[in-house]
Amino acid sequence: MKKIKNMNFQEAKEAFSKWEAKHPRLDDFDMGGLTLTQCREIAKGADPEAIADMLYGLFNYGFMAGYKQSEAELKAKVDKRIYNDMHRRLLELVYHLPFGYHAEYFYYFMVYSFEDDDILKAFFPGRIAKPALEIRAEHEAKEVREKAEREERKKVVDEALKQYEQQKAGASV
């Protein structure tokens with residue numbers, strides 16, 4: 001799809017018609033009659049700069065209205081899924097924890113805090129449990145690999161010590 005700034009007026013109308021079929025506007029965010037009356041007065045003056053400013057303002061108004069509508073839709077969607085006020089507080093607490101760029105550490109901490117994979121499978125939906133189980137499996141595989149590497153290094157060191165002791169014993173005789 002073309003960027004909006006590269007569309008001509010007809011292409012923009014067609015693109016909006018297609019988009020509007022999937023995203024209906026709500027009355028609360030539609031433009032009021034007073035704004036349309038003011039636009040008519042500006043257009044009567046036929047000052048090209050005033051008309052351009054008006055069109056730019058209308059365009060910005062549309063983006064602002066779209067943003068506010070999407071925020072309202074998101075809030076409605078969240079409110080539908082919130083169980084009670086304590087649930088909302090917990091979500092807000094987790095959202096505002098001061099982890100910043102290091103939020104993945106908190107996520108890993110939470111994933112590792114479950115003692116058993118069956119708990120994750122039983123109490124969480126698949127879209128949450130699956131990545132957590134993958135992280136736990138990767139961690140367990142890493143631990144097994146590191147343990148094997150440690151044992152291999154230990155064998156090498158033990159073999160080197162054994163050879164050293166044999167050389168030392170052979171040199172002292």
Side-chain angles (χ1 to χ4, degrees), residues 1-7 11-12 14-29 59-173:
M1 183 175 158
K2 273 181 154 179
K3 287 187 176 184
I4 293 173
K5 70 178 188 175
N6 296 332
M7 290 181 184
E11 290 172 334
E14 291 171 6
F16 179 74
S17 296
K18 290 178 187 174
W19 180 84
E20 190 178 28
K22 295 179 186 173
H23 306 89
R25 285 180 287 175
L26 303 175
D27 289 338
D28 293 352
F29 302 103
F59 195 70
N60 288 338
Y61 180 93
F63 271 110
M64 181 181 65
Y67 174 79
K68 288 186 175 188
Q69 180 175 337
S70 69
E71 287 293 313
E73 288 172 354
L74 179 64
K75 185 180 181 316
K77 191 183 295 185
V78 168
D79 286 346
K80 185 174 85 175
R81 300 189 81 171
I82 298 288
Y83 176 69
N84 58 19
D85 192 45
M86 192 56 67
H87 187 198
R88 176 184 301 286
R89 287 184 200 160
L90 178 63
L91 287 174
E92 289 174 356
L93 171 70
V94 170
Y95 181 77
H96 292 289
L97 284 173
F99 291 112
Y101 289 109
H102 304 294
E104 67 273 5
Y105 297 122
F106 179 68
Y107 179 75
Y108 288 130
F109 172 74
M110 294 304 293
V111 167
Y112 297 138
S113 68
F114 295 106
E115 295 177 12
D116 192 10
D117 290 350
D118 295 332
I119 294 173
L120 281 168
K121 291 176 188 174
F123 292 111
F124 292 98
R127 65 184 170 81
I128 293 172
K130 184 178 178 186
L133 291 170
E134 289 172 358
I135 287 171
R136 289 174 67 102
E138 288 173 9
H139 180 69
E140 290 170 5
K142 182 180 176 185
E143 283 181 346
V144 168
R145 186 176 65 246
E146 287 176 352
K147 183 178 179 184
E149 289 173 358
R150 279 193 304 272
E151 290 183 14
E152 184 65 32
R153 282 194 301 267
K154 185 179 177 188
K155 284 181 186 177
V156 170
V157 169
D158 288 345
E159 185 64 35
L161 282 173
K162 189 176 181 183
Q163 289 177 0
Y164 175 74
E165 288 175 0
Q166 287 175 354
Q167 287 177 354
K168 188 176 175 184
S172 64
V173 172

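Shown here for Ala129 and Leu120, the closest heavy-atom pair between the two residues is CB-O, 3.5 Å.
The shortest side-chain heavy-atom distance between Lys77 and Glu73 does not fall under the 4.5 Å cut-off. Between Pro131 and Tyr107, some side-chain heavy-atom pair lies under the 4.5 Å cut-off.
Side-chain contact, Gln163 with Gln167: no donor N or O sits under 3.5 Å from an acceptor N or O.
To the nearest 0.5 Å, the span separating NZ on Lys154 from CD on Glu159 amounts to 14.0 Å. Rounding to the nearest 0.5 Å places CG of Asp79 at 9.5 Å from CG of Leu74. The line from CD of Glu134 to NZ of Lys130 is 5.5 Å long, rounded to the nearest 0.5 Å. Rounding to the nearest 0.5 Å places CD of Glu138 at 11.0 Å from CD of Glu140. Rounding to the nearest 0.5 Å gives a distance of 8.5 Å between CD of Glu143 and CZ of Arg150.
Between Lys121 and Asp117 there is no salt bridge, since no side-chain N of the basic residue sits under 4.0 Å from a carboxylate O of the acidic one. A salt bridge does not link Lys162 with Asp158: every distance from a Lys NZ or Arg NE/NH1/NH2 to an Asp or Glu carboxylate oxygen is 4.0 Å or more.
Within a 6.0 Å radius of OH in Tyr108, other residues, nucleotides and ligands contribute 12 heavy atoms or fewer. Counted within 6.0 Å of CD on Glu115, heavy atoms from surrounding residues, nucleotides or ligands total 12 or fewer; the atom is thus considered open.
Ring-plane geometry between His139 and Tyr112 is classed as tilted, the angle between the planes lying from 30 to 60 degrees on a 0 to 90 degree scale.
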Verdict with supporting geometry, Glu11 and Asn6, side chain to side chain contact (heavy atoms under 4.5 Å, CB included): CA-CA 9 Å; Glu11 290 172 334; Asn6 296 332; over 6 Å; no
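A donor-acceptor pair under 3.5 Å is formed between the side chain of Asn84 and the backbone N or O of His87. Between the side chain of Arg88 and the main chain of Ile82, no donor-acceptor pair closer than 3.5 Å is present.
Paired with Phe114 under the rule ring-ring contact (aromatic ring centres under 6.0 Å, His included), one option of Phe109, Phe124, Phe123 passes, and it is Phe124.
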